[in-house]
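Encoded as C-alpha cells, the structure appears first; notes follow it.
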Amino acid sequence: MSRSARVDAPLNDGLVPAHIPVVAEADVVVVGAGPGGFAAALQAARMGARVVLIERFDMPGGVHTCGLQGAANEGVGGIHTELMRRFDAKGYIHVATEKELPGWAGNPLSHYERQMKPGTPFRRASFSPEGAGCEMALMLKEAGVETMYATGFVDAIVERAAGRDNIITAIIVHDAEGLRAVRGKIFIDGTGTAELAARAGAPYASGGGGQPAGADWDGVERPIPGGLLWIMSGVDFAQTLRHQETARDPALSKLIAEAQAAGDIPPGLYRPRMNGKNVYGEAYIGHPTLDFSPMLAPNTFIVWQNVPYEWALRMDVSASDAATARRELRGFIDAEARFLKKYVPGFAGATLMDVGRFVGIRDGRHPVGEHVFTLEDAREGREFRDAISKPMTKTFFWDGYRKHRFTVPFGCFLPKNVENLLLTGASLSFEYETIFMVMRNFPWCAQTGEIAGYAAGRCIEQGVSPKGFEWREAYF
Ligand SMILES: Cc1cc2nc3c(=O)[nH]c(=O)nc-3n(C[C@H](O)[C@H](O)[C@H](O)COP(=O)(O)OP(=O)(O)OC[C@H]3O[C@@H](n4cnc5c(N)ncnc54)[C@H](O)[C@@H]3O)c2cc1C
C-alpha cells in the first residue's frame, strides 16, 4: 500500500448492549445496497441463505440509482447482464446517438464524448435511476432478501480474543424505531467506503491519493474528489449548439465569464481550487466548464458537480466535511441551474428535475486484505491460485492508459483481522492506483458483489467462515 494503514478500535466484546433490541438474525448480513451489496445479497439469497440487507436510502443501486449515475454498460455476465436486460425489458434504458444529438461527439460540454472527433457516430446508453431502483428492489424481493431500507449502519459488535481474528457477532443500525441490532453469521461490506470493515477493526489506508505518476500537475497533489450528480430536463441542445458555433464559445467560457462578472456564479463553481492552484486541469473529471451526459429521455441531461477539494477528501471519515460538502453542493447546483436558464441558449425552458440523494465518494478507505492488489500484480499479469475469474484485460488510467491482462485473487475479498467479513465493490483490498477508474465501475462492482454473495452462500452450506473457505475455481 502506498499509504500507511490505520486500525480503528472495534466496539466491544461481542455482546449486544442490553438496551438495544435484536430485530433480525440471518445467515448473511449485507450492509449497503450499491451494485456490490445488491449483487451479493441477491446471489447469497438465490443459493438459499437467509439474507438481511441494510440500506440507508429507499432503494438499491447506490451511486447508480440514488446517486443518479445511470450509465448503462454492455452486460459483463451474471447478475450485471441480467440487470441490463431487465432494465431494457422494462423500457428503462434510453440510447442517445448522433441522430438525437447532432454535434454532441467532440463537444466540450460532453462528459463522455468530448474526446471524440466531431461528427463521429456514438451510442450512449443510460438507465433511469428511479426505474432501475424499482427493478432492483423487485429482484431482491423475488429472491427473498429481507431488505431494511431507510436504515443506517451505525457500528459493528465484535468478539475479540487473543491469537485469532475478530468475529462480528452483530451490527447496530438506526431506523425509525431508534437503535436496533441485527445478528448474523457472515457479513458483507457493500458500503462503498469500507465502513463496516473499519468499524470491525480491519486495517485500512485512507482515501485521497495522488494523481497519476508523470502527469504535469505542477507539484500539487490532486486527489480524486467525490461528486454529486443532478438532472436538468427540457433542454433544447440544438439551440445551445448553434450558440457554441455562432458565438465561437465552445466551452461556454464567454458566458461563464459574463455571469462571473455579474456575480451570478459563486467562487469555486467551475474551478475548484486547492492551495491556491487550479485543479482538475484537462485530466479526467471536472473540466472547467459544464459537464453533461445525456440521460433518461430526450432533452434530459445528467450534470456533474464535483466536490471542491476543501471538503472532498475526507467525506468518509469527517462528519463535518461530509455535511459541508452536501450543503455547499446544493448551493452550487442551484447557482448552476440558474446560470444555465439565464445565460445559456437552449435552457430557458429547462427545469432542475432531480439532485442525487448522496454525494458519491470516489476514493474512500481502502481496506488491507489478505491480498492487496497492486499495480505490479496487473503489470506482471500475475496468476493466482484463488483467482476469481479468468484473466481479464483492462486499461489502467493510472499507468499511462496501458492495457494489462491479469487475474484478481479471492484474498482481496478478505479483510485482515476479521474472520467473518467479505468485501465487495469499491471496498475491495486494492491499491489506490488500481481501483480508481479501472476496478470500481458498475460492472466490476456487480461482479465482485456476486462473487462475495457466492462465497457467503458456499460458506453457509459448508459451515465455514470466509477465512476458512477454500476458493477453487474462476467464477466468471
Ligand atoms: C460521482 C461519481 C461518478 C461515477 N461515475 C461512474 C461511471 O460513469 N461509470 C461507472 O461504472 N462508475 C462510476 N462511478 C463509480 C461507481 O459508481 C462506484 O465505484 C460504485 O457505485 C461502487 O459500488 P459499491 O456497491 O461499492 O458502492 P456504492 O454504489 O457507493 O453503494 C454503497 C451503498 O451503501 C449504502 N451505505 C453506505 N454507508 C451506509 C451506512 N452506514 N448505512 C446504510 N447504508 C449505507 C449507500 O447508501 C449506498 O447505497 C462513479 C462514482 C461517483 C462517486
Side-chain angles (χ1 to χ4, degrees), residues 63-64 68-76 84 88 93-127 211-212 214-216 224 227 229-233 235-256 270-271 280-306 336 340 344-347 350 362 393-404 436-444:
V63 171
H64 293 270
L68 303 181
Q69 189 359 282
N73 314 82
E74 289 295 318
V76 292
M84 295 303 138
D88 195 29
I93 293 190
H94 174 74
V95 181
T97 65
E98 67 283 3
K99 289 194 182 61
E100 180 189 318
L101 283 174
W104 183 252
N107 197 302
L109 306 185
S110 160
H111 183 80
Y112 296 107
E113 280 80 25
R114 71 177 190 276
Q115 310 286 11
M116 295 174 93
K117 268 199 174 145
T120 317
F122 71 93
R123 189 179 181 281
R124 167 75 29 214
S126 318
F127 53 77
Q211 290 283 4
D216 178 16
I224 298 304
L229 307 184
W230 58 285
I231 290 175
M232 192 119 197
S233 68
V235 179
D236 181 351
F237 179 69
Q239 263 198 59
T240 313
L241 183 65
R242 266 198 303 280
H243 166 82
Q244 289 175 294
E245 287 167 355
T246 52
R248 298 189 181 199
D249 191 11
L252 306 183
S253 327
K254 292 179 188 168
L255 293 181
I256 291 173
Y270 289 118
R271 274 274 189 186
Y280 298 165
E282 292 306 310
Y284 179 48
I285 40 174
H287 53 118
T289 182
L290 295 158
D291 199 356
F292 283 126
S293 136
M295 182 74 175
L296 197 61
N299 309 325
T300 305
F301 289 80
I302 182 167
V303 194
W304 303 63
Q305 184 50 250
N306 285 317
E336 187 162 13
L340 288 168
V344 182
F347 283 82
R362 285 189 171 92
T393 304
K394 288 186 190 283
T395 304
F396 279 66
F397 175 72
W398 247 222
D399 197 21
Y401 288 93
R402 283 190 198 90
K403 275 194 164 67
H404 297 303
F436 184 72
M437 281 300 283
V438 185
M439 307 300 283
R440 50 176 268 289
N441 54 19
F442 184 113
W444 166 255

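The first residue of the sequence shown is numbered 1, and numbering continues consecutively from there.
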Please report the shortest heavy-atom distance between [X] and [Y], naming the atom on each side.
X	Y	answer
Val235	Ala350	CG2-CB, 4.1 Å
Met295	Phe127	CE-O, 3.7 Å
Arg248	Lys254	O-NZ, 3.3 Å
Leu241	Pro102	CD2-O, 3.3 Å
Pro250	Pro108	O-CG, 3.5 Å
Ser126	Pro294	OG-O, 3.1 Å

- Task: Apply ring-ring contact (aromatic ring centres under 6.0 Å, His included) to His404 and list each qualifying residue two or more places apart in sequence or on a separate chain.
- Result: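 His404: ring-ring contact (aromatic ring centres under 6.0 Å, His included) contacts with Phe396.
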Interatomic spacing from [atom1] in [X] to [atom2] in [Y] - rounded to 0.5 Å:
X	Y	atom1	atom2	answer
Asn299	Leu101	CG	CG	8.0 Å
Ser110	Met116	OG	CE	8.5 Å
Leu229	His111	CG	NE2	8.5 Å

For [X], enumerate each residue passing the side-chain contact (heavy atoms from CB on, under 4.5 Å) test, keeping only those at least two apart in sequence or located in another chain.
X	result
Thr393	Lys403, Arg405
Val76	His80, Pro443, Gln447
Val303	Trp230, Met232, Phe292, Glu336

- Item | Heavy-atom side-chain proximity of Gln244 to Leu252 below 4.5 angstrom |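 Of all side-chain heavy-atom pairs linking Leu252 with Gln244, at least one is under 4.5 Å.
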- Can you find a heavy atom in the side chain of His243 that is under 4.5 Å from one in the side chain of Leu255?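 Yes, side chains in contact.
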- Message: Please enumerate all residues that pass salt bridge (charged side-chain N to carboxylate O under 4.0 Å, His left out) together with Glu98, with sequence neighbours excluded.
- Response: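 None.
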- Item | Set of residues satisfying salt bridge (charged side-chain N to carboxylate O under 4.0 Å, His left out) with respect to Arg242, sequence neighbours excluded |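 Here no residue qualifies.
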- Task: Report the relative orientation of the aromatic rings in Phe237 and Phe301; use parallel for angles under 30°, tilted for 30 to 60°, perpendicular for over 60°.
- Result: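 Tilted: the ring planes of Phe237 and Phe301 meet at 30° to 60°.
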- Step by step, work out the side-chain contact (heavy atoms from CB on, under 4.5 Å) result for Thr240 and Leu109. CA-CA 10 Å; Thr240 313; Leu109 306 185; 4.3 Å; yes
- Message: Let's go through Glu113 and Asn107 carefully: what are the C-alpha distance in whole Å and the side-chain angles of both, what is the deciding distance for side-chain contact (heavy atoms from CB on, under 4.5 Å) to 0.1 Å, and is it a yes or a no?
- Response: CA-CA 7 Å; Glu113 280 80 25; Asn107 197 302; over 6 Å; no
